[in-house]
Amino acid sequence: MTPEEILKKRWGYGAFKPLQREAIEAAFAGRDCLVVLPTGGGKSLCYQLPAAAGRGLVLVVSPLIALMDDQVAAAREAGLAADALHSNLKAAPKREVYKNLSEGRTELLYVSPERLLAGDIYGYLGDRLVLAAVDEAHCVSQWGHEFRPEYRRLTEALDLFPKAARMALTATATPAVREDILGRLGLRSPDILIGHPDRPNLVYRAFPRRDQVKQILEVVRRHPGEGGIVYAQTRKDVERIAAKLKEESVSCAPYHAGLNAEERRKAQDDFVNERLDVIVATIAFGMGIDRSNVRYVVHANTPRSVEHYQQESGRAGRDGEPAECALLFSASDLATHKWLAKKDLHLSAERQRALDKQLKDIGRYAVSPVCRHALLAAHFGEPYPAGGGTTGEEGCGACDVCLGETKGLDEAEARLTAKKILSAAWRLEGRYGTGYVVSVLLGRAGERAAACGHDQLKVFGILKEAGEPAVRSWIDQLIVQDYLEITEEAEYPLLRITAAGRALCQDKGEVRLGLPVKPARDKKKSKALRAVGAGFSEADAALFDRLRVVRRALADKAGVPPYVICQDATLVEMAALKPATPEALLDIKGMGEKRVKKFGAHFLAALSGRQDLPE
Ligand code: ADP
Ligand code: ZN
C-alpha cells in the first residue's frame, strides 16, 4: 500500500498535511529527520503511519506521561497495535505490554525517557525497531522553555540501534533550539522539515485590559457550550476569576499548584471528557491537556514571552477548526513578571537582558496595531503569509486588527497624542505614578494637583475627551515602545519619560498608537470561519450537537476522552453531508475502516433522526 492508501484506510484522511509525506518518506527510507510543525500540524501521524505500514516496530519517546494513554487509545482506534510503557502503569497492563513485545505484536510503543533508559526493553526492540521518534524534542535544549535533563541521555539508548531511523519532532523552533536538537540527538545527515508557524484557524485578539472578568465573559459568551481555557497569573487570580465565572453560570473549575492532586486530576479529567466547559489555570502549569476541540484560550494576564504565548494559545483549535485566542494586556503584568523573576533566581546580567527582551517582545505583540498573524510569524523569522506575497486589503481576516476591532491612529494623530502624554510625564519629572499622570491628562487631579500647581500646567485636561481607558492604554503602548518607563527605585512604581521619549517630543523617532473600537454588530466572518462554516445551517448545527451526544456516550462506554472516538471536524462534516450508509460514512474525513465498523451504526442512527445511544 502507498502512504496515501494507508492514510485513507486507517485514518480516513484524503491528503497529507504539509511535510507529513516528507517525514514519512524519510522514515521509510531509513533516513533521520527533524520535523518542526506548529501545534495541530499533525506531528503524530508522521510516526504513526510508518507503524501502520507493517515494516516493524516504531518507538515514540515522549515526556508527557499524562497524554500517553490517550494517544495509545487514539492509535488503537485507527487499528494500530499500540502500547505505552511508563511509571504510572499498573502491574497487569504492564505484563500485557511486555507480552505483546515479546510476541512481536507491538507496532507502536510509547515510552517515557526514564523507562527507556532503564534499559530493560532494549532486548525486545532488537532488529524489529525501524524508527525511533523523539516527541517534544525541544526538551533536549537548554535554550528551550522545557529543558529535561533525561533527554540529554537519549542518545545512549538510540545508539544501541544504529539501523533504526531517528525522527525528532517539536513545535518550538528558534534556530538555537534547532541546532541543539540536531546535535544532542545525534541526527545523522537528517532531512530538515520546517513548517510555517502560522495557525490559520486561530483568530487572535489582543486588547488592553479594562474590566478583566467582563472581557473574559465576552469571549466565553461567544462560545456557549464549547471548551475553553483561561490563563491567569497567580493562584489568587485563578480562584477569583473561576468564582466570578461560576456566579455567571459558566461551567468551570480552577486549576493551580495550590490544589491537591485529586482536585487537579478531577478538574483535568472533567475538562478533557467534556463534563466541564472552562478551566481557569495558572500558566505555571504545563497542563497535560490534549483536548483537541478547545475553542478558545484567554490570557487574563500577559504571558512571559511570545514563545510562551504561542505554546499556551496553541492549545486552542488543535483539531484544525476555527478557534479564538484572546490576550488581555497590561504593562503592569510585565513589571510583575520582572519582579517575580528577580525574586526567584539570581539572574545573570545576560539572563536579565534576555528576559527584558522577551517582555518587550510580548508587550509589542500585544499593543501594536498590526496584524497579529504577521507579528507572530515575524517573531519566528518567517514571512506572512507563508511564501511571501500579500494578504490583500482585508489582511488575515483572523485578528482584531484585520477584523477592524482595533484601529491604529493615523501617523500625525499618534504623534500628537504621544507628545501630549510625554510632555505631561516630562513636566511631572518622574515623581508620580501612572494613576496621577492619567488624572492630570484627564484634568481631574483634584486638591493634590491644585496644591502642586499641576492644574496650571498646559497639559492639564489635555486628553479629557479621550477618556481614561484610552489614555491608560496609550501609556502602556508608549512604555512598550520605550518612550516611557516605570521606575522601581522608589517605594512604589513611578512613571518617567525616557531619553527616546524626549527625542520624540522633538519629532525624532516614530510612534504607533492604537485603540479598540466598538465592534460592529454585523461582523463579517473571518476567512477561517467562512472556509469551515460554509453551508452549515442551524439544522446542521443542531445535528452536530446530537452527534456530540452520541460521541460522549461512546466515549464514556469505552472509557476514553471524546476526541479519541473522533474529532469535531469529523462530526461537522457528518452533520453537513449526512451520510446514510456505512460506505458513505467511510468517505467522511477522519473515520477510517475500523471506526466505521465500531461506531458507524450509532452515528447513522443519529443522522437518520433516531437516537440510538450505546448502553
Ligand atoms: P500535533 O501533534 O502536531 O499538535 P496532532 O498529531 O495532534 O498534531 O494532529 C492534529 C490534528 O490533525 C488531529 O486531529 C489529527 O487527527 C489531524 N490530522 C493529522 N493528519 C491529518 C491529515 N493528513 N488530514 C487531516 N487531518 C489530519
Ligand atoms: Zn491580521
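Bear in mind that the values here come from a model prediction, so they are computed numbers and not experimental data. Note that these values count all heavy atoms, side chains included, but never hydrogens, waters or copies made by symmetry. Just follow the structure's listing: the first ligand is 1, and inside any ligand the first atom is 1.
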Is [X] close enough and on-axis enough to [Y], meaning under 6.0 Å and within 45°, for cation-pi?
{"X": "R222", "Y": "Y296", "result": "no"}
{"X": "R291", "Y": "F271", "result": "yes"}
{"X": "R184", "Y": "Y151", "result": "no"}

Identify the protein heavy atom lying closest to [atom], giving its residue, its atom name and the separation to 0.1 Å.
{"atom": "atom 4 (O) of ligand 1", "result": "G40 N, 2.6 Å"}
{"atom": "atom 13 (C) of ligand 1", "result": "Q567 NE2, 3.9 Å"}
{"atom": "atom 3 (O) of ligand 1", "result": "K43 NZ, 2.8 Å"}
{"atom": "atom 12 (O) of ligand 1", "result": "K17 NZ, 3.3 Å"}
{"atom": "atom 20 (N) of ligand 1", "result": "Q20 NE2, 2.9 Å"}
{"atom": "atom 5 (P) of ligand 1", "result": "S44 OG, 3.5 Å"}

Is the shortest side-chain N to carboxylate O distance from [X] to [Y] below 4.0 Å?
{"X": "E411", "Y": "R512", "answer": "no"}
{"X": "D400", "Y": "R372", "answer": "yes"}
{"X": "R205", "Y": "E324", "answer": "yes"}

Problem set entry | Within-cut-off N or O pair, T39 and ligand 1, under 3.5 Å |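 Between T39 and ligand 1 (N or O atoms, distance only) the closest approach is not under 3.5 Å.
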Exercise. When only distance counts, is K589 in polar contact with ligand 1, meaning an N/O pair under 3.5 Å?
Worked result: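 No: no nitrogen or oxygen of K589 is under 3.5 Å from one in ligand 1.
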Problem set entry | Enumerated ligand 1 atoms positioned under 4.0 Å from heavy atoms of P38 |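 Contacts of ligand 1 toward P38, numbered from 1: 3 (O).
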Exercise. Just which atoms of ligand 1 are under 4.0 Å from any heavy atom in F16?
Worked result: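 By the 4.0 Å cutoff, the relevant atoms are 23 (N).
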Problem set entry | Under 2.8 Å: N/O/S of H373 next to the Zn ion (ligand 2) |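 So H373 does not bind the Zn ion (ligand 2) by this criterion.
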With backbone taken as N, CA, C and O and side chain as the heavy atoms from C-beta onward, which portion of [X] lies under 4.0 Å from ligand 1: side chain, backbone, both, or neither?
{"X": "A15", "result": "backbone"}
{"X": "R318", "result": "both"}
{"X": "S292", "result": "neither"}
{"X": "Y13", "result": "side chain"}

For this session: Please state whether the rings of Y384 and H196 are parallel, tilted or perpendicular, taking 30° and 60° as the class boundaries.
Result: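 Tilted: the ring planes of Y384 and H196 meet at 30° to 60°.
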Problem set entry | Aromatic ring proximity F329/F207, centre distance under 6.0 Å |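 Ring centres of F207 and F329 not closer than 6.0 Å.
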Exercise. Between Y204 and H373, does the ring centroid distance fall short of 6.0 Å?
Worked result: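 Centroid separation for Y204 and H373: below 6.0 Å.
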Exercise. Checking side-chain hydrogen bond (donor to acceptor under 3.5 Å, both in side chains) against E307, which of H138, Q358, H379 comes through?
Worked result: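 The side-chain hydrogen bond (donor to acceptor under 3.5 Å, both in side chains) with E307 is passed solely by H379 among H138, Q358, H379.
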Problem set entry | The one among G41, G14, G42 that brings a heavy atom closest to atom 9 (O) of ligand 1 |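 It is G42 that holds the nearest heavy atom.
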Exercise. So, the side chain of R199 versus the backbone of A316: is there a donor-acceptor pair under 3.5 Å, distance only?
Worked result: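 Flag set: sc R199 to bb A316 pair under 3.5 Å.
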Problem set entry | SG (C402) to the Zn ion (ligand 2) to SG (C396) angle, given to the nearest 10 degrees |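 Rounded to 10°, it measures 110°.
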